[in-house]
Amino acid sequence: MSTEHNEDLIRLAKAISDRKEVDWEKEISTRPELKAVLEKLREVESVTGILGELVDEVRAEPELMKVLAELEEQ
Amino acid sequence: LTPPPADADSPTPDRDETQSTAEILVRAKGGDRLAQDVLVRRYLKILMRQAHGRLPSKARGAYDTEDLVQATFMRAFRNLKRIEPGERGYFLAYLRKILDNLIRDAMRSAARRPEIQPFEDDLPAHQPTPLELAAVHEKLEAYNCAISILPSQQQEVVRLRMELGLSYQEIADVVGSPSANAVRMQVARALARIAEKMANLRGD
């Protein structure tokens, strides 16, 4: 991958890491030679977004210690 | 589960915060209870975030994230004598391994119990179809496969930033990076590599 292409990839990866919005259609259409890897970068954004959202969704329930104590005894 | 307060009566209160984890582990292994508190204060937030992000939906109704993390510390402290302080990040990796095992146990236990169906009013507006779930699962598999090929520190910074939501500065403190900006660059490079590897995996 050329330096210029690598710079594009890093720029977009930084945007994802900074949680900035990326216009993927535009980015992919202006760099068709990077289409495959940009589509995967978009998937990385999507997957890590899902994993991150779980952080906010999960709420505690009071039964865990009992279950863990059972597991410890097994 | 709340972090234990710093001991105001400690003769060297600053020592706890400046000592390396390896040094604190040595103290803890020697029976210093305050050293255990320091370890909890140091790693509680990270483990809480990890537990939140990793607990599967089916297990959420029956498991408490705070207790899961507490059990992680309890198990780690019970096995302190077996821990040999290694390179930087070793103890965190050790805690994460314990937590992973507990989450797996929780998943297995949840799988054995009948799932409680929520009332209709509690249902979200959109339930993903099996096809959508399969697509997400496939992407997750590809992501996990690609990230697992990266060096451990790159995996760590990506997970801490993208999955657990730590700030760049928090990550720098955990992994011993010189600056938040250096971490930002590390994360970006790692994400680019993951995307490249996923593209290559697809082509294999």
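The sequence lines fix the lettering, A, B, ..., with proteins before strands; numbering per chain opens at 1.
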Would you please say whether a donor-acceptor pair under 3.5 Å links the side chains of B:Y143 and A:T48?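 There is no such pair between these side chains.
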First locate atom CD of A:E43, then atom CD1 of B:I194, and finally report the distance between them rounded to the nearest 0.5 Å.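 A:E43 CD to B:I194 CD1: 12.5 Å, rounded to 0.5 Å.
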Could you tell me the separation between the CE atom of B:M198 and the CD atom of A:E39, rounded to the nearest 0.5 Å?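 One gets 11.0 Å once the value is rounded to the nearest 0.5 Å.
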Do [X] and [Y] make a side-chain contact, defined as non-hydrogen atoms from C-beta onward lying under 4.5 Å apart?
{"X": "A:I10", "Y": "B:M185", "value": "yes"}
{"X": "A:K40", "Y": "B:K139", "value": "no"}
{"X": "A:L9", "Y": "B:E196", "value": "yes"}
{"X": "B:R184", "Y": "A:D18", "value": "yes"}
{"X": "A:I16", "Y": "B:M162", "value": "yes"}

All side-chain contact (heavy atoms from CB on, under 4.5 Å) counterparts of B:A172, not counting sequence neighbours: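 Residues passing side-chain contact (heavy atoms from CB on, under 4.5 Å) with B:A172: B:Q169, B:S177, B:V183.
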For A:V37 versus B:A199, what's the shortest heavy-atom pair and its separation?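 Result for this residue pair: CA-CB, 4.2 Å.
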Minimum heavy-atom separation for A:A13 to B:A188, with atom names?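 Of all heavy-atom pairs spanning A:A13 and B:A188, the closest is CB-O, 3.2 Å.
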Heavy-atom neighbours of B:R33 CZ exceed 12 at 6.0 Å: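 For B:R33, atom CZ is not crowded (no more than 12 foreign heavy atoms under 6.0 Å).
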